[in-house]
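In what follows, a structure is listed as structure tokens, so that the remarks can point back to it.
As the structure is a computational prediction, the values presented were derived from the model and not from experiment. The chains referred to below are lettered A, B, ... by the order of the sequence lines, with proteins before strands, and numbering in each begins at 1.
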Number of protein chains: 4
Amino acid sequence: MKPPNAARRSQRSHRAILEAAYELALDRGPAKVTIDAIAARAGVGKQTIYRWWPSKGALLLDVLIDAVGAVSEMPDTGDVVADLTTQMTAVTDLFRSDFARFYTGLIAEAQADDAVARGLAEQLADRAEGPRRQRLEKAQRDGQIRADVDIAAAVEALYAPLYYRMLLRTAPLSVDHVHAVIDATIKGLRPNPV
Amino acid sequence: MKPPNAARRSQRSHRAILEAAYELALDRGPAKVTIDAIAARAGVGKQTIYRWWPSKGALLLDVLIDAVGAVSEMPDTGDVVADLTTQMTAVTDLFRSDFARFYTGLIAEAQADDAVARGLAEQLADRAEGPRRQRLEKAQRDGQIRADVDIAAAVEALYAPLYYRMLLRTAPLSVDHVHAVIDATIKGLRPNPV
Amino acid sequence: MKPPNAARRSQRSHRAILEAAYELALDRGPAKVTIDAIAARAGVGKQTIYRWWPSKGALLLDVLIDAVGAVSEMPDTGDVVADLTTQMTAVTDLFRSDFARFYTGLIAEAQADDAVARGLAEQLADRAEGPRRQRLEKAQRDGQIRADVDIAAAVEALYAPLYYRMLLRTAPLSVDHVHAVIDATIKGLRPNPV
Amino acid sequence: MKPPNAARRSQRSHRAILEAAYELALDRGPAKVTIDAIAARAGVGKQTIYRWWPSKGALLLDVLIDAVGAVSEMPDTGDVVADLTTQMTAVTDLFRSDFARFYTGLIAEAQADDAVARGLAEQLADRAEGPRRQRLEKAQRDGQIRADVDIAAAVEALYAPLYYRMLLRTAPLSVDHVHAVIDATIKGLRPNPV
DNA sequence: GCTTAAACGAGACGGTACGTCCGGTCTTGTC
DNA sequence: GACAAGACCGGACGTACCGTCTCGTTTAAGC
């Protein structure tokens, strides 16, 4: 009795809800989007939203997946440093766009809603971290990355600073910042052996 | 005429509010704390809260400052790697404690409230990043850290992964994680020369 | 779009609200009845009250209409003085009962709320003054009342003193008072001719 | 310890409060006057109001006494019907002026505040009904009013309709209304004996 | 004329109720 | 049976006033 029959789901309503939620989230921030407003803009009954999503966060997560798709493809020119620079710059641009508001809002939602947190972590691991790790693992096999380095830690040392600045706003994101992080991480912090 | 006379502020109420907010935030999460509940638990009129804080986030920020105090002191044994290990392990422990729930909730609040975002960034820059940078700068002067490295980027490469895991929960925080991040960052990702 | 769809109104809630309001008004006086208390006692959301009534006074007016029904029937024994005595005594009894508190409270409300004033005046004109005038007009046709007397003024001369004492409390309402007013008004104040 | 020393009372504040209350009551209705607003407009601390008056109603009652003074003097030309016509017309004019709003508001206040009700009844009995009864008693002695009529009832039959229309607004006050009431009451309702 | 206790202005305080907003559920037709 | 519409209960919001309670500051009485 709980799960409704997905086969009878109205595709028209489904799409209208995702689009309404996305538009509202962009223009007032996800925290200020209400289910009422989404339903009204989508021309949909509130029950239809509650029928298919357990919470506002879950809906926003679907909106994210729907809107973003496969954003994080890693280039592979053979030069891992160049590729990281390219891709981290792209991420920085994304994190400075209107989309950031949506993304940070969703992360905020995840702090109070475990289902959203799990979905978001999974999404992040699969779509974002996965390709990054694979690229670094390839570079490791190519001898461009030290063989005994922990790949997960390496990805985080490179990318976490971008999320950190987006979320905590201690300093602005910039291309210079990308270069500085790559320089520090690739070359390492200890003095160059002579 | 707008700002109330701070000299007449009731210290008793002020403390009771901070304590009530802290206790409530710990036991149900900051997002579910209501001004009504804080006022009731503190034995205070709601107006007294609204008189002195512009938003729930601003109050929680004060609670953070009040509750945490000087948490982030950097040790200085002369060995920067040992000191980073010590301190990052302490931060990891903090980020795995009940306090994390409070902290992430406040960061969530900051995503929808610019004043909180600013206050939090300032707090973070002054109390957390400051000592970390100073320790690395000293290590730089001591020759333990490469002279041309960007200190801000270095601090982020080391610490941002801790915030990243606390907030995004892609993987658990652990002592091993701390070691992996330090190894990757200190030694760097490129193959050891020689 | 503003007025809600009356067809979908919950009869259960409607009745519960009227009854809760009536009980609360009787036991603490209409001025001290709050919308919060009515909603709580009726087991109803406050919005449901605000959806259907524009003000507390409007609700109390509906309560009056609901509670009183057809109180003011005029008897007709053929003897207009006897009938007036009977009916004014009944009104006096009503104005000395607990109901008076409710009624005076509603009249008080009307002094600050024009909609209530209009509703109350209409109610009074239709349900109370109407039958009284009709009885006097019949008596006029029967030759028991002087043909050239202004019926509206006559009704007021007889009944206004009852409202006056209920509201201003310069002296108590009583059967003797009824007799005195009827005597003064029916026989008139000027000396008996002859 | 309770009653403050009246000798030290500030006349300046006393007057300012009465005036502020009167002005505010006229321009927004007594029900919407707040102690806060009176204090602010009078340039007076709220405590000063609470020190000298037990309730808003009590203050408004003093305002009434202060503002109205001896309004209800009865003329005495020797012709009681002419005198009643003159004076009831004056009362009607007063009840149609801005003052009516103030007066009805105070009567409304009295319905929920016994002290105000008592004060108002006393005021009414002394200042308004007293002179009216005395005039009718004189007329009785002069043979213009039937000897066995109840004077209190007679005064009410004449004047209560004016209060009734002011408070209940079933019909407008007017000179014609005054004439009709006087005609009905003086001549009486029963047919003229032939 | 000096002292001192009161009454005063200002306004912060603990509370209560306001009228609004929204979350999540339930109900009533329609398709 | 999923849907659009929207009424419903509940509960938090931020505001307005209540009546009480400090705070200094006049101010007028009595020494």
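Under the side-chain contact (heavy atoms from CB on, under 4.5 Å) test applied with C/Arg41, the options C/Val33, C/Leu24, C/Ile17 reduce to a single match, C/Leu24.
The pair A/Asp114-B/Arg169 meets the salt-bridge criterion, since a charged nitrogen lies less than 4.0 angstrom from a carboxylate oxygen.
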Open item on the list: Pair A/Arg15, A/Asp66 - check salt bridge (charged side-chain N to carboxylate O under 4.0 Å, His left out), show working.
Closed with: CA-CA 10 Å; A/Arg15 284 241 52 78; A/Asp66 180 73; 3.1 Å; yes
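Within a 6.0 Å radius of CZ in C/Arg51, other residues, nucleotides and ligands contribute more than 12 heavy atoms.
Under 4.0 angstrom from either OP1 or OP2 of F/dA7 there lies no side-chain N or O belonging to C/Thr48. Checking the phosphate oxygens (OP1, OP2) of F/dA2, no side-chain nitrogen or oxygen of A/Arg51 falls inside 4.0 Å. Phosphate proximity of F/dG19 to D/Trp53: absent, as no side-chain N or O sits under 4.0 Å from OP1 or OP2.
In the helix from E/dG1-F/dC31 to E/dC31-F/dG1, the rotation axis of the first five pairs and that of the last five pairs differ in direction by 10°, rounded to 10 degrees.
Partners of A/Asp36 according to the salt bridge (charged side-chain N to carboxylate O under 4.0 Å, His left out) rule, which considers only residues two or more places apart in sequence or in another chain, are A/Lys46. Partners of C/Thr34 according to the side chain to side chain donor-acceptor pair (under 3.5 Å) rule, which considers only residues two or more places apart in sequence or in another chain, do not exist here.
Within residues 6-27 of chain B, the residues having any heavy atom closer than 4.0 Å to DNA chain E are, in order of number, B/Arg8, B/Arg9, B/Ser10, B/Ser13.
Residue C/Ile38 contributes atom CD1, which lies 16 Å from atom P of F/dG10 at whole-angstrom precision.
Identified under the ring-ring contact (aromatic ring centres under 6.0 Å, His included) test for residues 8-58 of chain C, with sequence neighbours left out: C/His14-C/Trp53, C/Tyr22-C/Phe102.
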Task: Footprint string (nucleotides 16-24 of chain E, 5' to 3'): B base within contact, S backbone only, - free, heavy atoms under 4.0 Å - done: -BBBBBSSB
